Undergrad: 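Before I ask anything, here is the structure I am working with.
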Amino acid sequence: MKLKFEVLKKESQTQARLGKIIYNNQEYQTPMFMPVGTQGTVKTLSPEELKAVNSGIILANTYHLWLRPGDETVKAAGGLHKFMNYDGPILTDSGGFQVFSLAKPKDISEEGVIFKNQLNGDKLLLTPEKSIAIQENLGSDIIMSFDECPPASASHEYLKQSVLRTIRWAKRGKDAFTGKNALLFGIVQGGAYADLRKLSALETVKLNFDGYSIGGVANDHESKEDMYKAFAYSTKYLPEDKLRYAMGIGEPIDIIEGVIRGVDIFDCVSPTRLARHGHALTKYGKINLKNAKYKQDFTPVDDTCDCYACQNYTKAYIKHLINSEETFGARLLSIHNIRFLTKLTEDIRLAIQEDKLLEFKDEFLQNYYGVKNEK
RNA sequence: GCGAAGUUGGUGAAGUGGUUAACACACUAGAUUGUGGCUCUAGCAUGCGUGGGUUCGAUUCCCACACUUCGCC
């Protein structure tokens, strides 16, 4: 079934929107944070645990599932939902980010991108058409166009050529898309340049996608200022009635600033990756449970949190698990960190409802970056 | 009691008559934004068993003592 989206309310002080997604007879609200499950699993969490932290859409990755187990296998299983036993909406990345992170410039051509299969060394060609076909085989609900994601530090000229190529690729992908059961998103690129974001957004919107992504952000150590410009310059030209998705964004402050600039959905590996490295997001900032000061701290990770980890376990115990490389530690912290971000978006939605998003931001920042939690 | 070998940071250990005692693990702290869980960065012995001697200079050479391990009574 196709996912439906509608905007319920616009906030009075900012560009923020409160929205609703209907999927599989379930209702979800935006702004939303989406955990990443690259290989058909949000690392260490079961689908039941995802539901328990009030997670909605999750991500999966075309490139990884294409290589293993193969999209044909997932299709034979009845699609990714059945394969991984998850009945919520699934969004798939197109492999575009892997163009950025894995391919060398010489491997990128008009036809597509040549990858070396990291598992066995095979040479593989991923094209816009192929990417869409794989995503349809996977049974994705929200499909991404295959884009080129250049570093933020790239020159204006390079970024312009990249934007134009991404638009040509978007058109090819749209033509290949069957449109049966999924939404197809176009991707806006253009770094932090107002003219390029405008060009990219307007030309992509002309192709009439079901939603729009903002790509090329949070890479290459760009400044936050540039990231926020990229948000604003992109959403300015996007239709009001379609979902807007900031790709790869997940620091709490970046989510808030994105919402303020009209972004609806965000994804990020950070809650689960930070968890595996022993870090926890808390109301009073990010803490590192590897730090010696938590050795005998028998209080919860965040005493304002309602998650399974905070309700049942202490910092000292989770620290011990992390130090001992026990996977249960990573699981507890992943549950907590994802819950922290889904709770953040719940609070953001409430603030939009009350037209108090800027006040909420100030209060959040005061707690998160202000007086450090020393106890 | 006699003989042999050996004593370097939390651990395993390298090393040299002369500025900053290698490396690894552990530990301490930091990084991580469309995920390899990989990883990366930085810190970590003012001192080389104790005392004395030789020397311009000793962790390194010599002597004594202490301790450890092994062998023999």
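Nothing here was measured: the structure is a model prediction, and the numbers come from that model. Basis for what follows: all heavy atoms, side chains included, without hydrogens, waters or symmetry-related copies.
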Undergrad: Taking the side chain from A:Ser94 and the backbone from A:Gly96, do they hold a donor-acceptor pair closer than 3.5 Å?
TA: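 The answer is yes, because a donor-acceptor pair under 3.5 Å joins these two groups.
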
Undergrad: Can you figure out which of B:G34, B:U32, B:U33 approaches the side chain of A:Met247 most closely?
TA: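 That would be B:G34.
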
Undergrad: Over all strands shown, is A:Gly278 touching base, sugar-phosphate only, or nothing at heavy-atom distances under 4.0 angstrom?
TA: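 The residue A:Gly278 makes no contact with any strand.
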
Undergrad: In terms of relative ring orientation, are A:Tyr23 and A:His81 parallel, tilted or perpendicular, with 30° and 60° separating the classes?
TA: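 Correct class here is parallel.
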
Undergrad: If you take all heavy atoms of A:Asp141 and A:Gly88, which pair is closest and at what distance?
TA: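 Here A:Asp141 and A:Gly88 meet closest at OD2-O, 4.1 Å.
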
Undergrad: Does B:U32 have OP1 or OP2 under 4.0 Å away from a side-chain N or O of A:Lys286?
TA: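 For A:Lys286, the contact criterion (side-chain N or O under 4.0 Å from OP1 or OP2 of B:U32) is met.
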
Undergrad: Can you tell me how far C1' of B:G34 sits from CD1 of A:Ile214, to the nearest Å?
TA: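 It works out to 13 Å between those atoms.
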
Undergrad: Would you please enumerate the stems RNA chain B participates in, each stem being three or more consecutive Watson-Crick or G-U wobble pairs with both distances under 3.5 Å?
TA: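 Consecutive-pair runs (3 or more) involving RNA chain B: B:1-7 with B:66-72, B:10-12 with B:23-25, B:27-31 with B:39-43, B:49-53 with B:61-65.
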
Undergrad: Picking from B:G34, B:G30, B:A29, which would you name as closest to the side chain of A:Ala292?
TA: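 From the listed options, B:A29 comes nearest.
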
Undergrad: What nucleic acid atoms does A:His279 come within less than 4.0 Å of, heavy atoms only: base, sugar-phosphate, or nothing?
TA: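 The answer is base, as A:His279 lies within the cut-off (heavy atoms under 4.0 Å) of a base atom.
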
Undergrad: Between B:G34 atom P and A:Gln39 atom CD, what is the distance in whole Å?
TA: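 That distance rounds to 14 Å.
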
Undergrad: Do A:Asp254 and A:Tyr228 have side-chain N/O donor and acceptor atoms under 3.5 Å apart?
TA: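 A pair is found: one side chain offers a donor N or O, the other an acceptor, under 3.5 Å apart.
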
Undergrad: Consider the side chain of A:Ala218, meaning its heavy atoms from C-beta on, and name the nucleotide among B:G34, B:U33, B:G30 that approaches it most closely.
TA: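 Nucleotide nearest to A:Ala218's side chain: B:U33.
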
Undergrad: Quick one: do the A:Asn288 and A:Tyr294 side chains pair a donor with an acceptor below 3.5 Å?
TA: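 A:Tyr294 and A:Asn288 do not have a side-chain donor-acceptor pair below 3.5 Å.
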
Undergrad: Side chains of A:His279 and A:Asn337: any donor to acceptor distance under 3.5 Å?
TA: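 The criterion, which ignores hydrogens and geometry beyond distance, is not satisfied for A:His279 and A:Asn337.
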
Undergrad: Specify the separation, in whole Å, of atom CG of A:Asn323 and atom P of B:A26.
TA: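 Result: 11 Å.
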
Undergrad: Assign A:Lys295 to base, sugar-phosphate, or nothing according to its heavy-atom contacts below 4.0 angstrom with the strands shown.
TA: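 A:Lys295: no heavy atom of the nucleic acid under 4.0 Å.
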
Undergrad: Looking only at side-chain N and O atoms, does A:Gln135 offer a donor or acceptor that is under 3.5 Å from a partner on A:Thr92?
TA: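 Yes - a donor-acceptor pair under 3.5 Å links their side chains.
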
Undergrad: Would you tell me whether A:Glu136 and A:Thr178 have side-chain atoms, one donor and one acceptor, within less than 3.5 Å of each other?
TA: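 The criterion, which ignores hydrogens and geometry beyond distance, is satisfied for A:Thr178 and A:Glu136.
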
Undergrad: May I ask you to say what A:Gln189 touches in the nucleic acid, namely base, sugar-phosphate or nothing, with a heavy-atom cut-off under 4.0 Å?
TA: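 Base, at least one base heavy atom under 4.0 Å.
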
Undergrad: Grab the CD-P distance between A:Glu148 and B:G34 for me, whole Å please.
TA: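 Nearest whole value for this atom pair: 18 Å.
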
Undergrad: May I have the distance from A:Asn120 (atom CG) to B:G36 (atom P), rounded to whole angstrom?
TA: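 Computing the A:Asn120:CG to B:G36:P distance gives 16 Å.
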
Undergrad: Take A:Arg339 and A:Thr342 through the side-chain hydrogen bond (donor to acceptor under 3.5 Å, both in side chains) test and state the conclusion after the steps.
TA: CA-CA 5 Å; A:Arg339 178 57 191 146; A:Thr342 60; 3.0 Å; yes

Undergrad: What is the distance, rounded to the nearest whole Å, between atom NZ of A:Lys290 and atom C1' of B:A26?
TA: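 Those two atoms, NZ and C1', are 13 Å apart.
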
Undergrad: So what does A:Leu91 touch, heavy atoms closer than 4.0 Å: a base, only the sugar-phosphate, or nothing?
TA: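 If one applies the 4.0 Å heavy-atom cut-off, A:Leu91 turns out to touch nothing in the nucleic acid.
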
Undergrad: Return whichever of A:Glu325 or A:Ser94 has its heavy-atom-nearest nucleotide of RNA chain B closer to the 5' end.
TA: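 The residue closer to the strand's 5' end, by nearest nucleotide, is A:Glu325.
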
Undergrad: Verify the contact: side-chain N or O of A:His277 to OP1 or OP2 of B:A31, cut-off strictly under 4.0 Å; return yes or no.
TA: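 No, A:His277 has no side-chain N/O under 4.0 Å of OP1/OP2 on B:A31.
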
Undergrad: Report yes if at least one side-chain N or O of A:Asn291 is closer than 4.0 Å to OP1 or OP2 of B:G30; otherwise report no.
TA: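 Answer yes for this pair, as a side-chain N or O of A:Asn291 is under 4.0 Å from OP1 or OP2.
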
Undergrad: If you pin A:Asp254 and A:Thr327 to their nearest nucleotides in RNA chain B, which one's is more 5'?
TA: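 Upstream on the strand: A:Asp254.
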
Undergrad: So what does A:Asp147 hit on the nucleic acid, given a heavy-atom distance under 4.0 Å: a base, only sugar-phosphate, or nothing?
TA: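 Touches a base.
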
Undergrad: For B:G34 and A:Asn61 - does any side-chain N or O of the residue sit under 4.0 Å from the phosphate oxygens OP1/OP2?
TA: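 For A:Asn61, the contact criterion (side-chain N or O under 4.0 Å from OP1 or OP2 of B:G34) is not met.
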
Undergrad: From B:U33, B:G30, B:G36, pick the nucleotide closest to the side chain of A:His64?
TA: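 Comparing B:U33, B:G30, B:G36 against the side chain of A:His64, the answer is B:G36.
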
Undergrad: Measure the distance from CG on A:Leu289 to P on B:G30 and round it to the nearest whole Å.
TA: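 Taking CG of A:Leu289 and P of B:G30, I get 11 Å after rounding.
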
Undergrad: Using the P atom as the point on both nucleotides, what is the distance between B:C61 and B:U7, in whole Å?
TA: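 That atom pair is separated by 11 Å.
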
Undergrad: Starting from P on B:G34, measure out to CE on A:Met32 and report it in whole angstrom.
TA: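 Going from A:Met32 (CE) to B:G34 (P), I get 18 Å.
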
